[in-house]
Amino acid sequence: MGDWPELRGAAEDVAPRLLGAIVRRGSVAVRLTEVEAYAGEHDPGSHAYRGRTRRTAVMFGPAGRLYCYFSYGMHVCANVVVGEEGTAAAVLLRAGEVVEGLDVARERRPGVSDRDLARGPARLCRTLGIALADDGCDLARGPVRLELAATPPDPADVASGPRVGLRLAPDRPWRFWLAGDRSVSPYRRHPRADATSI
DNA sequence: AAACAGATCTACT
DNA sequence: GTAGATCTGTTTT
């Protein structure tokens, strides 16, 4: 562990491999059902598109760490850093289902149905208790841990389509989910999605 | 010191 | 389906 040979490839190749993996923090664990690939410096949709900054530094590091970012004034989202060190590839954790610690998860998200607990990237982080302080966390050591599925998902069970809510490069089909799973989040196009970039 | 961006969510119709 | 919330963290000057 800590080596993550499965995470070394291109983001769009590694992303489906994360479906069915378990993300654990404390007593709550989520099984991933939906992810998105971000290719780094050459991907207009990536935070790393304009190069390395303090915020994006973790993405340029080795695979197997957690990249967390803050958005819309109140939300935290998390990615698994993939690819070789020096590149900025990452996979956004978009949705999953709670498989452990349901009692704690419910307390964190009062009034929310079990189905919606981790149905969306910011919801997933809130349910797991992931905060900006977890940025850079080694996923082999914790506090946030990643446990890959023993075997990759059957390609027949994986669906793909455009990434959710991007203004730039809105049409790259780099969102992957387990077909038919109820915990997958709904697709929404960015209101100002750029019509020309791919 | 100031402007900006934002890979969302919730509520409401 | 649409609108508004919400406001920090990041980047730039």
Side-chain angles (χ1 to χ4, degrees), chain A residues 10-12 14-16 18-19 23 30 32-61 65-83 87-98 105-137 144 159-177 182-195 197-198:
Chain A
E12 63 272 31
V14 172
L18 292 180
L19 295 173
V23 180
V30 162
L32 296 177
T33 59
E34 182 189 358
V35 296
E36 276 175 3
Y38 288 85
E41 289 185 282
H42 302 294
D43 175 4
S46 171
H47 290 161
Y49 183 52
R50 287 173 183 83
R52 180 183 193 136
T53 65
R54 181 171 165 157
R55 176 174 65 148
T56 61
V58 171
M59 273 199 285
F60 287 83
R65 303 228 289 234
L66 194 70
Y67 164 56
C68 300
Y69 68 92
F70 193 90
S71 186
Y72 290 93
M74 57 199 318
H75 302 302
V76 172
C77 302
N79 303 246
V80 173
V81 176
V82 303
T87 68
V91 177
L92 173 68
L93 310 180
R94 274 209 64 87
E97 67 170 328
V98 176
R106 286 173 177 149
E107 283 172 19
R108 287 186 176 141
R109 312 213 53 227
V112 171
S113 69
D114 288 353
R115 180 196 182 193
D116 286 342
L117 284 174
R119 190 167 176 246
R123 294 166 169 184
L124 181 147
C125 284
R126 199 172 151 200
T127 290
L128 281 171
I130 292 176
L132 213 50
D134 292 310
D135 188 44
C137 168
V144 183
S160 64
R163 296 177 288 187
V164 174
L166 271 71
R167 190 171 58 84
L168 300 177
D171 296 318
R172 294 193 190 190
W174 286 353
R175 173 183 180 231
F176 303 89
W177 65 93
R182 283 168 39 85
S183 68
V184 172
S185 66
Y187 177 71
R188 290 187 315 278
R189 194 172 179 84
H190 192 288
R192 292 174 45 227
D194 180 13
S197 70
I198 302 286

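Proteins get letters first, then strands, A, B, ... in listed order; numbering begins at 1 in each. In this text the structure is predicted, and so the values were computed from the model without any measurement.
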For [X], answer base if it contacts any base atom (sugar-phosphate contacts may also be present), sugar-phosphate if it contacts only those atoms, and nothing otherwise; contact means non-hydrogen atoms under 4.0 Å.
X        : result
A:Arg163 : nothing
A:His190 : nothing
A:Leu92  : base
A:Gly120 : sugar-phosphate

Problem - Basic-acidic side-chain contact under 4.0 Å: A:Arg189, A:Asp171 - result: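 Yes, charged N to carboxylate O under 4.0 Å.
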Problem - Carboxylate-amine/guanidinium proximity below 4.0 Å for A:Arg106 and A:Asp114 - result: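 Counted as a salt bridge, because a side-chain N and a carboxylate O are separated by less than 4.0 Å.
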Handout entry: Span that lies between the C1' atom of C:dT6 and that of B:dT13, in whole angstrom
Key =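 It comes out at 22 Å once rounded to the nearest Å.
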Problem - Distance between P atoms of C:dT13 and B:dG6 (Å, rounded) - result: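 Each nucleotide's P atom is 16 Å from the other's.
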Exercise for the section: Scan residues 42-56 of chain A for pairs that pass salt bridge (charged side-chain N to carboxylate O under 4.0 Å, His left out), counting only residues two or more places apart or in two chains. Expected result: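 Passing the test, one end in residues 42-56 of chain A: A:Asp43-A:Arg163, A:Asp43-A:Arg172.
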Practice task
Compare every heavy atom of A:Gly129 with every heavy atom of A:Asp134, then report the nearest pair and how far apart it is.
Solution key: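 Answer, listing the atom of A:Asp134 first, then A:Gly129: OD2-O, 3.9 Å.
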Practice task
Answer yes or no: is there a donor N or O on one side and an acceptor on the other, between the side chain of A:Arg119 and the main chain of A:Arg115, under 3.5 Å?
Solution key: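 No, the answer is negative, given that no donor and acceptor are paired below the 3.5 Å cut-off.
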Practice task
Without swapping roles, check the side chain of A:Thr127 against the backbone of A:Leu117 for a donor-acceptor pair under 3.5 Å.
Solution key: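 Side chain of A:Thr127 to backbone of A:Leu117, a donor-acceptor pair under 3.5 Å: yes, one is there.
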Problem - Audit row: A:Val184, A:Arg175, side-chain contact (heavy atoms from CB on, under 4.5 Å) steps and yes/no - result: CA-CA 11 Å; A:Val184 172; A:Arg175 173 183 180 231; 3.6 Å; yes
Problem - Residue closer to the 5' end of DNA chain B, A:Arg109 versus A:Val164 (nearest nucleotide) - result: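 Upstream on the strand: A:Val164.
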Handout entry: Validation row: A:Trp174, A:Glu12 side chains within 4.5 angstrom (heavy atoms)
Key =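 Yes, side chains in contact.
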Problem - Check: A:Arg94 and A:Pro121 side chains under 4.5 Å, non-hydrogen atoms - result: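 SC-SC contact between A:Pro121 and A:Arg94 confirmed.
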Under 3.5 Å, which donor-acceptor pairs do the side chains of residues 68-79 of chain A form with other protein atoms, sequence neighbours left out?
from    : atom 1 : to      : atom 2 : distance (Å)
A:Asn79 : OD1    : A:Leu92 : N      : 3.4
A:Asn79 : ND2    : A:Tyr67 : O      : 3.3

Practice task
Map every base of DNA chain B to its dot-bracket character, where paired means a Watson-Crick or G-U wobble contact with both distances under 3.5 Å and | marks a partner outside the strand.
Solution key: ||||||.|||||.
Exercise for the section: Just jot down the salt bridge (charged side-chain N to carboxylate O under 4.0 Å, His left out) partners of A:Asp135, sequence neighbours excluded, or say none. Expected result: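 For A:Asp135, no residue satisfies salt bridge (charged side-chain N to carboxylate O under 4.0 Å, His left out) once neighbours in sequence are set aside.
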Pairs: protein N or O with nucleotides 4-7 of chain C N or O, under 3.5 Å:
from  : atom 1 : to      : atom 2 : distance (Å)
C:dC7 : O4'    : A:Gly73 : O      : 3.4
C:dC7 : O2     : A:Gly73 : N      : 3.1

Handout entry: Range on DNA chain B touched by chain A - first to last nucleotide, heavy-atom distance under 4.0 Å
Key =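 First-to-last contact on DNA chain B, by the 4.0 Å heavy-atom rule, is B:dG6 to B:dT10.
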